Asks: 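First the structure, then my questions, so here it is.
Only a predicted model underlies this, so the values are computations on that prediction, with no experimental measurement involved. Remember, it's 1-based here, ligands and their atoms both numbered in the order they're listed. Along the sequence shown, residues carry numbers from 1.
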Amino acid sequence: MQHDQPLHKKARLERPPIYPERFLVPDDKVGWEVDFPEYKPAYFVARVVLDNDVTKNPKGWADPEDVKIAQRERAIHSYEGKVIFDDKGRPRNPRGRTGIEGRALLGKWGANFAADPIVTRINPDTKQIEMLAIQRKDNNQWAIPGGMVDEGEEVSATLKREFQEEAGVGLDMDDAVEVYRGYVDDPRNTDNAWMETTAMHKHLKSDLAAKMNPEAGDDAQAVRWLPLNTETLANLYASHGEFLKKALDGLYKDQMDKLPEEAQKQIEMIMGNRERELEVN
Ligand code: RP5
């Protein structure tokens with residue numbers, strides 16, 4: 001595990017209801033390089049993953065359960081660098097132990113790639129920055145309307161497709177700015193299968209935002225312009241709050257003079273600068 005990376009938390013502490021309980025992994029035992037002889041996580045693969053094995057189901061989206069066949073079918077790669085394998089030939093989560101072995105609800109051994117379109121606007125009344133967020137059906141948490149990259153699909157196409165499918169809006173994302181590429185601290189992650197994403201940010205001009213009429217798609221139970229503050233960011237799904245912070249930081253640096261004063265203060269507050277400034281004065 002790279003030492004400058006934050007410890008994954010949701011991948012150790014949260015889990016979808018069909019998962020077995022996670023073996024408790026204390027902070028100092030997360031890295032694979034640390035000895036943890038008592039570590040005996042449950043092995044779990046969901047029925048839906050087995051039913052969607054591409055070698056048995058032509059419409060499937062999952063690797064075969066035999067990891068050796070999966071590796072022959074598909075070179076396992078990751079944005080996080082070289083993938084390490086355990087003695088059974090299973091890829092190891094680059095951020096360390098999660099308390100569950102197998103793929104659980106994730107289809108691919110190793111990295112499962114997603115794309116996350118971050119779309120923000122200034123609220124015309126409050127002058128505060130908001131993101132277009134969906135409420136996930138699987139756990140009710142608010143999230144970026146992202147999704148899995150289909151086999152052979154370009155990330156730019158996934159961003160557009162997912163935004164359309166989940167938020168009901170056709171939006172050109174070609175001029176969006178990449179703010180993050182790498183591991184996601186997702187509650188579905190396991191020791192052998194994990195989420196990675198490319199998060200791209202587009203800040204909408206007010207006339208374009210006003211024309212949009214978002215509607216929740218199949219995987220979402222609601223869609224809304226979510227005001228951003230420390231609390232809403234902390235409660236977003238997986239590591240989406242961290243991606244939003246990166247997007248806001250970039251926006252502040254590039255377009256500060258174009259943002260209303262209310263939005264500038266809001267970003268400073270989120271990034272912690274505002275508190276420091278208030279302390280100094
Ligand atoms: C997260 O899961 C990614 O950041 C992305 O938002 C999402 C993709 O999974 P589904 O929404 O398709 O379940 O890790």
Asks: May I ask you to decide whether Lys127 forms a salt bridge with Glu261, counting only side-chain N to carboxylate O separations under 4.0 Å?
Replies: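 Between Glu261 and Lys127 there is no salt bridge, as every charged N stays at least 4.0 Å from the carboxylate O atoms.
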
Asks: Report yes if Asp116 has an N/O atom closer than 3.5 Å to an N/O atom of ligand 1; otherwise report no.
Replies: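 Yes - when backbone and side-chain N and O of Asp116 are compared with those of ligand 1, one distance drops under 3.5 Å.
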
Asks: Show me which atoms of ligand 1 lie under 4.0 Å from any heavy atom of Asp186.
Replies: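 By the 4.0 Å cutoff, the relevant atoms are 1 (C), 2 (O), 14 (O).
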
Asks: I'd like the name of whichever of Glu162, Met195, Lys137, Arg136 reaches closest to atom 10 (P) of ligand 1 through any heavy atom.
Replies: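 Ranked by closest heavy atom to atom 10 (P) of ligand 1, first place is Arg136.
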
Asks: Please confirm whether Arg188 comes under 4.0 Å of ligand 1, counting heavy atoms of the residue only.
Replies: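 Yes, that is the case, since the closest heavy atom of the residue is under 4.0 Å from the ligand.
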
Asks: Return the orientation label for the Tyr237 and His240 ring planes: parallel under 30°, perpendicular over 60°, tilted otherwise.
Replies: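 Rings of Tyr237 and His240: perpendicular, over 60°.
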
Asks: Can you say whether the rings of His8 and Tyr183 are parallel (under 30°), tilted (30 to 60°) or perpendicular (over 60°)?
Replies: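 Tilted, since the angle between the ring planes falls between 30° and 60°.
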
Asks: Do Asn192 and Thr190 meet the criterion of a side-chain donor-acceptor pair at a distance under 3.5 Å?
Replies: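 There is no such pair (donor and acceptor under 3.5 Å, judged by atom type) between the side chains of Asn192 and Thr190.
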
